[in-house]
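For ligands, and for the atoms within them, numbers begin at 1 and follow the listed sequence. All values derive from a computational prediction rather than experimental measurement. For reference, positions follow the sequence shown, starting with 1.
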Amino acid sequence: MKTNPTASVVIPVFNEQENLPELLERSLKACRSLNAPFEIVLVDDGSRDRSPEMLREAAEKYPGEIIAVLLNRNYGQHAAVMAGFAHAKGDVIISLDADLQNPPEEIPNLYRKLASADLDVVAGIRVPREDSFLRKIPSWMVNRITQKVTGVQMHDYGCMLRAYSARVVRAMLQCTEQSTFIPVLANSFAKHTAEIEVKHAARSHGTSKYGIFKLINLQFDLLTSMTTFPLRLLSYLGAVIAFFGLALGLLILVERFIQGPGWAAQGVFTLFAILFIFIGAQFVGMGLMGEYIGRIYRDVRGRPRYLVHEVKGVSRLAAP
Ligand code: UDP
Ligand code: MG
């Protein structure tokens, strides 16, 4: 990475009017201490309070430093961050939450870490995590499942205080899908990643924008964005059921010869065996359809097929 890379800070804002003044002040201070050109892109995600006006005023007050992107309605945190990415011009792009749970003072640390080693992603780990117990349980589950599914052992996928290289952000912007889970998507395009510990504060104003349904939705976004394994699960389940039915049928047949016709409730169990075989076959059929749906889904998303990290050497041939 070049020396003194430029920085963009992307912050999604949804009904955060009480937090904005302090957020702006602390973020500006942190960014000015970078000694590099920077911009702060604040994305209003359809707030219903005074946030949009406050962002507009801030953009007027700090020209060249603050950019306000106002969305027409609420699209969700990850969509808002993507909108911010689309407007970010920096070499290093840092995202954080607007509620001051992620201290803006960590921006220089993330920036330096990413710039120093030509990394693609620097993720924050929140220590100690200042959230309610009920908010931590789903996060813990999300982390475990994501680690399993992606094979990337990051500690805190829920932490949005992260830094990305411009090439990874550009690759993410090429993904046309509607539902995205940014930390996971970024990892799928990253070559070298690192983690650093960041501070975490309790929410001082307002409440968490994530209710139980939004969290469930996020979990499904995450799962479906990474894998079509659940579809394949249907086939496996079907195969197991069908095998069980077949084994039961065989057992009944053998016992019929040993114990005589009265055994196994006059053929009722035989019906069960047949039923299991057919149910299993149905599941296998559904799983097969799932395989096709999974492939359609992958193609429809139109993600970049690969991301070139580097090309060395120049071709002497003229372009055809
Ligand atoms: N946010 C957003 N749109 C939403 C929900 C949240 O832009 O629909 C923003 C919110 O303003 C905050 C960040 O995303 O800056 C994280 O939200 P929150 O603090 O409510 O989540 P939690 O800390 O509980 O994970
Ligand atoms: Mg928060």
Asks: I'd like to check which ligand 1 atoms, numbered from 1 as shown, lie under 4.0 Å from a non-hydrogen atom of Asn74.
Replies: 3 (N), 4 (C), 8 (O)
Asks: Met160: heavy atom below 4.0 Å from ligand 1, yes or no?
Replies: no
Asks: Measuring from atom CD of Glu18 to atom CZ of Arg50, what distance do you get when rounded to the nearest 0.5 angstrom?
Replies: 11.5 Å
Asks: Check this for me: Phe272, atom CZ, are more than 12 non-hydrogen atoms of other residues, nucleotides or ligands nearer than 6.0 Å?
Replies: no
Asks: Tell me which protein heavy atom sits closest to atom 8 (O) of ligand 1, plus the residue, atom name and distance to 0.1 Å.
Replies: Lys214 NZ, 2.8 Å
Asks: So if I count the atoms of ligand 1 from 1 in the order they appear, which ones are less than 4.0 Å from some heavy atom of Ala98?
Replies: 12 (C), 15 (O)
Asks: Would you mind checking which non-hydrogen protein atom is closest to atom 19 (O) of ligand 1, with the distance to 0.1 Å?
Replies: Asp99 OD2, 2.5 Å
Asks: Applying side chain to side chain contact (heavy atoms under 4.5 Å, CB included) to Phe38 and Leu28, what does each step give before you reach the verdict?
Replies: CA-CA 9 Å; Phe38 73 90; Leu28 279 168; 4.2 Å; yes
Asks: Between Arg32 and Glu65, is there a side-chain N and carboxylate O pair less than 4.0 Å apart?
Replies: yes
Asks: Might you point out which heavy atoms bring Gly76 and Asp45 nearest each other, and give the distance in Å?
Replies: N-OD2, 3.0 Å
Asks: What atoms in ligand 1 come closer than 4.0 Å to a heavy atom of Ser208?
Replies: 20 (O), 21 (O), 22 (P), 24 (O)
Asks: What residue and atom, counting heavy atoms only, is the protein's closest point to atom 18 (P) of ligand 1, and at what distance?
Replies: Arg203 NH2, 3.6 Å
Asks: Check whether any N or O atom of Ala80, backbone or side chain, sits under 3.5 Å from an N or O atom of ligand 1, and answer yes or no.
Replies: no
Asks: Flag Asp97 as yes when one of its N or O atoms lies below 3.5 Å from any N or O atom of ligand 1, and as no otherwise.
Replies: no
Asks: Which protein heavy atom lies closest to atom 20 (O) of ligand 1, and at what distance to 0.1 Å?
Replies: Lys209 N, 2.5 Å
Asks: How close do Ile277 and Gly245 get, heavy atom to heavy atom, and via which atoms?
Replies: CG1-C, 3.7 Å
Asks: For Asp45 and ligand 1, does the shortest N/O to N/O distance drop below 3.5 Å?
Replies: yes
Asks: Counting only heavy atoms not in Arg232, do more than 12 fall under 6.0 Å of its CZ?
Replies: no
Asks: So, of the N/O/S atoms that Asp99 has, which is the nearest one to the Mg ion (ligand 2)?
Replies: OD2
Asks: Any N/O/S atom, side chain or main chain, of Gln101 closer to the Mg ion (ligand 2) than 2.8 Å?
Replies: yes
Asks: Salt bridge between Asp120 and Lys191, side-chain N to carboxylate O under 4.0 Å?
Replies: no
Asks: So which heavy atom in the protein is nearest atom 23 (O) of ligand 1, and how far is it from that ligand atom?
Replies: Gln101 OE1, 2.8 Å
Asks: What residue and heavy atom of the protein are closest to atom 12 (C) of ligand 1, and at what distance?
Replies: Glu16 OE2, 3.5 Å
Asks: Please determine if Lys29 and Glu25 form a salt bridge, counting it only when a charged side-chain N lies under 4.0 Å from a carboxylate O.
Replies: no
Asks: Please determine if Glu16 and Lys209 form a salt bridge, counting it only when a charged side-chain N lies under 4.0 Å from a carboxylate O.
Replies: yes
Asks: Could you tell me whether Tyr164 and Phe85 have their ring centroids closer than 6.0 angstrom?
Replies: yes
Asks: Tell me which protein heavy atom sits closest to atom 1 (N) of ligand 1, plus the residue, atom name and distance to 0.1 Å.
Replies: Phe14 CB, 3.7 Å
Asks: Look at atom 17 (O) of ligand 1 and say which protein heavy atom is nearest, naming residue and atom and giving the distance to 0.1 Å.
Replies: Tyr210 CE1, 4.1 Å
